[in-house]
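Throughout, a chain's letter reflects where its sequence line sits, starting with A, and its residues are numbered from 1.
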Amino acid sequence: MQKSGHDATSRICLVLAKVPEGRVVTYGGLAELAGLPRAARLVGQTLRKLPKDTGLPWHRVINAQGKISLPEPAARRQWKLLKGEGITPINGKIDLPRYGWPKPDEL
DNA sequence: TTAGTGACAGCTC
DNA sequence: AGAGCTGCCACTA
């Protein structure tokens, strides 16, 4: 959303916007889908800057461990949003193989 | 232009 | 299984 459309930020937002409800994507995965392999950290920085009124599903982004990477206050909100979409943590973690996106095939 | 930083990931102990 | 260390990429000062 800023300059043109070939900025890392823009591409990340574009891919993020494609993440369907009830699914989640890892930082690394999102980076890769955005054409920025190994740039997981950049995704974090980018998401962090997103305005709060953004329509992007920022809450569907979690780390490769299936956990929230945000600091406490925000972490709770993210969990709540995820649960609101039907995503329930198992043992405090999200089952990526199950909720991960994209998914080549639906069971 | 160089150095420092971060909402990560992967490997090792 | 959990904690720690290192690597990586793009961004900001």
### Message
What is the distance, to the nearest angstrom, from the CD1 atom on A:Ile62 to the P atom on B:dA9?
### Response
9 Å
### Query
Taking atom CG of A:Leu30 and atom CG of A:Leu42, what is their separation to the nearest 0.5 Å?
9.5 Å
### Task
With the side chain of A:Trp58 defined as its heavy atoms from C-beta on, choose the nearest nucleotide among C:dG2, B:dA7, B:dA9.
B:dA7
### Query
Between B:dG10 atom P and A:Leu96 atom CG, what is the distance in whole Å?
11 Å
### Task
Ignoring backbone atoms, establish whether A:Lys93 has a side-chain N or O less than 4.0 Å from OP1 or OP2 of C:dG2.
yes
### Task
Using atom CD1 of A:Ile12 as one end and atom P of B:dG6 as the other, report the distance to the nearest whole Å.
17 Å
#### Entry: Which atom of A:Ala34 lies closest to which atom of A:Val15, heavy atoms considered
CA-CG2, 3.7 Å
### Task
Give one of base, sugar-phosphate or nothing for A:Pro37, where a contact means two heavy atoms less than 4.0 Å apart.
sugar-phosphate
### Task
Please state how far atom OH in A:Tyr27 lies from atom P in C:dG7, giving the value in whole angstrom units.
23 Å
### Message
Rounded to whole Å, please give me the gap between NZ in A:Lys67 and C1' in B:dA9.
### Response
14 Å
#### Entry: Rounded distance in Å - CZ (A:Arg76) to C1' (B:dA7)
18 Å
## Note on the structure
Closest to the side chain of A:Ala40, out of B:dC8, C:dC9, C:dC11, is B:dC8
### Task
Over all heavy atoms of both residues, which pair between A:Thr26 and A:Gly29 is shortest? Give the atoms and the distance, please.
OG1-N, 2.9 Å
### Query
At under 4.0 Å, does any side-chain N or O of A:Lys49 touch on OP1 or OP2 of C:dT12?
yes
### Query
Where the side chain of A:Arg60 meets the backbone of A:Val19, is there a donor-acceptor pair that is under 3.5 Å apart?
yes
### Query
In whole angstroms, how far is the P atom of B:dG4 from the CG atom of A:Leu42?
20 Å
### Query
What nucleic acid atoms does A:Thr46 come within less than 4.0 Å of, heavy atoms only: base, sugar-phosphate, or nothing?
nothing
## Note on the structure
Looking only at C:dC9, B:dA7, B:dC8, the nucleotide nearest the A:Arg38 side chain is C:dC9
### Query
When the distance from CD of A:Gln65 to P of C:dG2 is rounded to whole Å, what number comes out?
10 Å
#### Entry: Any donor-acceptor pair under 3.5 Å from A:Asn63 side chain to A:Gln65 backbone
yes
### Query
Of the nucleotides C:dC9, C:dC11, B:dA7, which has the atom closest to the A:Arg48 side chain?
B:dA7
### Comparing A:Arg41 and A:Gln45 on DNA chain C - which has the more 5′ nearest nucleotide
A:Arg41
